[in-house]
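Report on the following structure.
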Amino acid sequence: MNKVVVLSHPLIDHKMALIRDKNTSTKSFRENVGEIGALITYEITKDLETIDIIVETPIQKTVAKQLKKSLVIVPILRAGLGMVNGIHDMIPSAKIGHVGLYRDETTLEPVTYYAKFPEDIIDGVVIVVDPMLATGGSATAAIKELKQRGAKDVRFVGLVGCPEGVARLQKDHPDVPIFLAAMDEKLNEKGYIVPGLGDCGDRLFGTK
Ligand code: PRP
Ligand code: URA
């Protein structure tokens, strides 16, 4: 069964309060989503394997550590883009893939309109990024696209989840650990997370 980690950190909680506030500007919303992405990166990478290497300091040779596997960040378009820079700042060697999905507004089912991934998804660690885990349909579909192309080591990171989305992801991809900044109460009849933060893509990009 999936590991589910709901982060508990005062800096993340403080920034989450800012992005939940409907009066927060687009600029501040975007900045804080990126900053939470950076803070979350410490937790999602905590168990990455390292290998010992020899480096020469200005004083002498010593054993140091290097990441064993390459990393690939895969934002689910659009809203996942908001977290990418923050994560990438922490892991500048990571490659970036993209998967474009939108939720059909009537059925709430995800429709894939774009997918482009680096080859490193096959042997690397893939971090799928989407701020909202609502029905779980988008995350499930994105991870399916990745697995069909050979990805084996996948983890999901989001800002706000709910029991429905976590249950769906656990059922469809029991091998994928889930990292969230907050676990909310439920989904409403329109598929929005309650209390949530509204439409994340619209708030990030100023649409609507
Ligand atoms: C939002 C969000 C997730 C999806 C989550 O995207 O960014 O991708 O909904 O919902 P789910 O768990 O029920 O699938 P949306 O479809 O609004 O597209 P956008 O990012 O382009 O705005
Ligand atoms: N997508 C969003 O942007 N917000 C929600 O609450 C649910 C899905």
Side-chain angles (χ1 to χ4, degrees), residues 2 4-6 15-26 28-34 36-37 40 44 73-87 96-117 126-147 154-174 176-208:
N2 317 48
V4 181
V5 179
V6 180
K15 291 175 191 299
M16 286 298 293
L18 288 169
I19 65 170
R20 284 187 191 277
D21 186 341
K22 68 177 185 181
N23 295 315
T24 294
S25 68
T26 302
S28 172
F29 186 88
R30 205 169 36 235
E31 286 168 357
N32 280 287
V33 167
I36 299 168
I40 267 186
I44 56 183
I73 306 165
V74 178
I76 300 179
L77 308 180
R78 290 176 299 169
L81 288 173
M83 293 173 69
V84 169
N85 285 351
I87 301 174
I96 302 180
H98 294 88
V99 57
L101 297 168
Y102 68 86
R103 292 199 309 177
D104 181 288
E105 287 191 1
T106 324
T107 64
L108 297 182
E109 280 305 310
V111 180
T112 306
Y113 60 84
Y114 186 77
K116 183 107 179 157
F117 307 120
V126 181
I127 303 171
V128 176
V129 183
D130 191 330
M132 310 307 285
L133 182 62
T135 64
S138 302
T140 284
I143 293 166
K144 191 170 156 207
E145 294 279 349
L146 283 155
K147 286 184 174 173
V154 181
R155 43 195 80 189
F156 176 85
V157 57
L159 297 186
V160 187
C162 61
E164 295 88 335
V166 168
R168 168 92 185 258
L169 197 47
Q170 285 183 319
K171 178 168 119 350
D172 292 349
H173 298 289
V176 173
I178 302 168
F179 298 88
L180 297 168
M183 179 75 157
D184 278 9
E185 195 186 320
K186 59 178 183 186
L187 281 183
N188 70 13
E189 65 291 349
K190 290 188 175 150
Y192 279 91
I193 298 175
V194 179
L197 48 77
D199 189 307
C200 193
D202 283 344
R203 296 195 64 193
L204 275 169
F205 298 110
T207 43
K208 273 198 190 143

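First listed ligand is number 1; within each ligand, the first listed atom is number 1. Because the structure is predicted, anything quoted here is derived from the model rather than measured.
- Between P75 and H98, the closest side-chain pair of non-hydrogen atoms falls below 4.5 Å.
- When each of V128, I127, V74 is tested with V154 by the rule side chain to side chain contact (heavy atoms under 4.5 Å, CB included), just one qualifies, namely V128.
- When each atom of ligand 2 is checked for a heavy atom of C200 under 4.0 Å away, the hits are 2 (C), 3 (O).
- Not a single heavy atom of L108 sits less than 4.0 Å from an atom of ligand 1.
- Which parts of ligand 1 touch G137 is read off a 4.0 Å heavy-atom cut-off, strictly below it: atoms 12 (O), 14 (O).
- In this structure, the side chains of D172 and K144 stay at 4.5 Å or more apart for every pair of heavy atoms.
- Environment of NZ in K147: crowded, with over 12 heavy atoms of neighbouring residues, nucleotides or ligands closer than 6.0 Å.
- The protein non-hydrogen atom at the shortest distance from atom 8 (O) of ligand 1 is D130 OD2, 2.4 Å.
- Nearest protein neighbour of atom 21 (O) of ligand 1, counting heavy atoms only, is R78 NE, 3.1 Å.
- Using a distance-only test at 3.5 Å, with no hydrogens or angles considered, a donor-acceptor pair links the side chain of R20 to the main chain of G196.
- Taking only nitrogen or oxygen atoms, main chain and side chain alike, A79 reaches within less than 3.5 Å of ligand 1.
- Scanning the protein for heavy atoms near atom 5 (C) of ligand 1, the closest one is M132 O, 3.5 Å.
- For atom 8 (C) of ligand 2, the closest heavy atom belonging to the protein is R103 NH2, 3.5 Å.
- Near Y102, meaning under 4.0 Å from any of its heavy atoms, are these atoms of ligand 1: 16 (O).
- Protein heavy atom at the shortest distance from atom 6 (O) of ligand 2 is I193 N, 2.8 Å.
- To the nearest 0.5 angstrom, L18 atom CG is 5.0 Å from N32 atom CG.
- Formation of a donor-acceptor pair under 3.5 Å by the E164 side chain with backbone atoms of L187 is found in this model.
- When heavy-atom distances to ligand 2 are checked against a 4.0 Å cut-off, A134 comes that close only through its side chain, counted from C-beta outward.
- Residue, atom and distance of the protein heavy atom nearest to atom 5 (C) of ligand 2 are Y192 CD2, 3.4 Å.
- Checked by atom type and distance alone, the side chain of R30 never pairs as donor or acceptor with a backbone atom of G206 at under 3.5 Å.
- In this structure, atom 10 (O) of ligand 1 lies nearest to the protein heavy atom R103 CD, 3.2 Å.
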Begin from the C-alpha positions of I76 and M132 and carry the test side-chain contact (heavy atoms from CB on, under 4.5 Å) through to its verdict. CA-CA 10 Å; I76 300 179; M132 310 307 285; over 6 Å; no

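- Among all non-hydrogen protein atoms, the one lying nearest atom 18 (O) of ligand 1 is L101 O, 4.1 Å.
- To the nearest 0.5 angstrom, L133 atom CG is 13.5 Å from F179 atom CZ.
- In this structure, the protein non-hydrogen atom closest to atom 17 (O) of ligand 1 is D199 OD2, 4.2 Å.
- Atoms of ligand 2 lying under 4.0 Å from any heavy atom of G198, numbered from 1 in the order shown and given with element: 2 (C), 3 (O), 4 (N), 5 (C), 6 (O).
- In this structure, the side chain of R203 does not engage the main chain of G198 through any donor-acceptor pair within 3.5 Å.
- In terms of protein heavy-atom proximity, atom 11 (P) of ligand 1 is closest to T135 OG1, 3.3 Å.
- Using a 4.5 Å cut-off on side-chain heavy atoms (C-beta onward), M183 and V4 make no contact.
- Using a non-hydrogen distance threshold of 4.0 Å, C200 does not register as a contact of ligand 1.
- Below 4.0 Å from some heavy atom of G191 lie the following atoms of ligand 2, by number and element: 7 (C).
- Protein heavy atom in closest approach to atom 14 (O) of ligand 1: S138 OG, 2.5 Å.
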